[in-house]
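Note: hydrogens, waters and symmetry copies are ignored here, and every other heavy atom, side chains too, is used. In what follows, chains are A, B, ... by sequence order, proteins preceding strands, each numbered from 1.
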2 protein chains.
Amino acid sequence: MKSAAKAQQAEDSTDTGAQQIRDAIREAIVERRLSPGTKLSESDVGNLFNVSRTLARAALQALSYEGLVSVEKNRGAFVAYPSPEEARQIFSARRLVEPGILREAAARITPDDITHLRQLLLEEGRLMSERGQTARRAEIKASGDFHLTLAVISGNSIMQRFMEELVARSSLVIALYGQSTASSCGHSEHGDIVSAIEADELDRACQLMLHHIAHIEADLDLRERKSLGLKEAFEL
Amino acid sequence: MKSAAKAQQAEDSTDTGAQQIRDAIREAIVERRLSPGTKLSESDVGNLFNVSRTLARAALQALSYEGLVSVEKNRGAFVAYPSPEEARQIFSARRLVEPGILREAAARITPDDITHLRQLLLEEGRLMSERGQTARRAEIKASGDFHLTLAVISGNSIMQRFMEELVARSSLVIALYGQSTASSCGHSEHGDIVSAIEADELDRACQLMLHHIAHIEADLDLRERKSLGLKEAFEL
DNA sequence: GGCGGCCAGATTGTATACGATGTTTTGCAC
DNA sequence: GTGCAAAACATCGTATACAATCTGGCCGCC
């Protein structure tokens, strides 16, 4: 039972209440219920979660550090609106670290982990064939989770956190500049990578990963989409 | 005294006041004026910088996110005390990203950059031959600045921030587990790397970088230096 | 004498209050 | 109607206040 992909939930280090809010907003951003540029005023966020501005502020600050929201002095916080240059840097960083993470993960991977990955792929594929906003959002999340899970398996919590940030910001970039409506990742490519890992063909797996990232990047163009502002994003 | 208040610059990214405090504390940690495990109570920090707990808290939170301080719920903030496992992860991450950064940097490097790097090395060497706490601290900082500067040259601000975190945390690790008293980095190795870059021998530069990191790591004694957690202390 | 509970001090967690700084709107002159 | 200025508004920046929680010591009870 030493699946490396299990220790995820140990987070506690910072505050109490702010954490929840931060995670909720981050999830909303990653799933694209919150679009880039959406204003996140401290009061509004506080009211939404029934906490004071203090906690809302702390959450927004944390997200700002992750690059998911940008706070402008005396003006407010907004869901980050990555510039094309930032987008380039994000994917450059991913090309730089993901092969390395992949190698580390491959070195420590267990059968349990592979099972877990395959399960993720299955889920991803299922969501991909469905219709509707909800399925689409879940698919986006699942797609990112694949990359994230590799980082978890690598056993390096620092790289894991870093990948979390990169995946989240990628989602933002894709929301802004992605052309093909559907997924943030070619689904089949994920499967190919797992297969390559299973076959112990590390170099090929890395190549596949690089191609995969390149494919995502190739789907980008400079365009803009409409937001669905904060209130609609959270109420049921 | 506000000896720490030196930079009157108009920082912008996050808040106003908290930024200064965060930077001041971070610098103190990196230069090892603050030892791992030192308690940083919000009130004390606030008093030191003549601000309220609100700002002190924000600064500590930010540092917590960088992994330089660990805050324990309802107990307070402490200068991080990296475990051997964390130390391994930090250097593993460095091995993973620094060659990549090096390659990117080499691709974009300008003669000015090389001059800058050489100047850094000179300064580093000068400090190395001096005696005294102040020189030692400056040397530590300069040594880290070399790696950081490479990240700056790479032009990727995300990797730059990441390296900032890794270098800072490395300093903590070295403070805890380093054996050879002196520097955090073999100075000559830095020079060799620059030379290799200048000679366009990229692969060799990467190899040198890896060896360099390995050397730093080899100087560590990843055994406990102080308390080892009470449970581990009595079982085994 | 040892042990458990209770009270006091300290420290963090969260909320609210007030001042500072932009942004928008209004009103007036031209 | 247009343009500028000043006030009203909204929002953030920081400080302070109060509640919750932890720590450590004191005291009575066994």
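- Atom CZ of F49(A) and atom P of dG13(C) are 20 Å apart (whole Å).
- You'll find the side chain of H212(A) stays beyond 4.5 Å of the side chain of E98(A), heavy atoms only.
- The side chain of R57(A) contributes an N or O atom lying less than 4.0 Å from OP1 or OP2 of dG13(D).
- Residue-to-nucleotide proximity on DNA chain D shows that, of T54(A) and A77(A), the 5′-proximal contact is made by A77(A).
- Protein atom CD of Q19(A) is 16 Å distant from nucleotide atom C1' of dT14(C), rounded to whole Å.
- Between G76(A) and R75(B), the residue anchored nearer the 5' end of DNA chain D, judged by the nucleotide with its closest heavy atom, is G76(A).
- Atom P of nucleotide dC12(D) and atom CZ of F78(A) are separated by 8 Å, given to the nearest angstrom.
- Counted by atom type alone, Q89(B) and S157(A) present one or more donor-acceptor pairs between their side chains at under 3.5 Å.
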Query raised in the report: Checking side chain to side chain donor-acceptor pair (under 3.5 Å) for the pair T115(B)/D112(B): CA distance, chi angles, key distance, verdict?
Result: CA-CA 5 Å; T115(B) 307; D112(B) 270 3; 4.9 Å; no
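- Residue S43(B) places no side-chain atom within donor-acceptor reach of the base of dT12(C), judged by atom type and a 3.5 Å distance cut-off alone.
- Distance CZ (R53(B)) to C1' (dA10(C)): 11 Å, rounded to an integer number of Å.
- Using a distance-only test at 3.5 Å, with no hydrogens or angles considered, no donor-acceptor pair links the side chain of S92(B) to the main chain of R88(B).
- In this structure, the CD atom of E72(B) is 11 Å from the P atom of dG13(C), given to the nearest Å.
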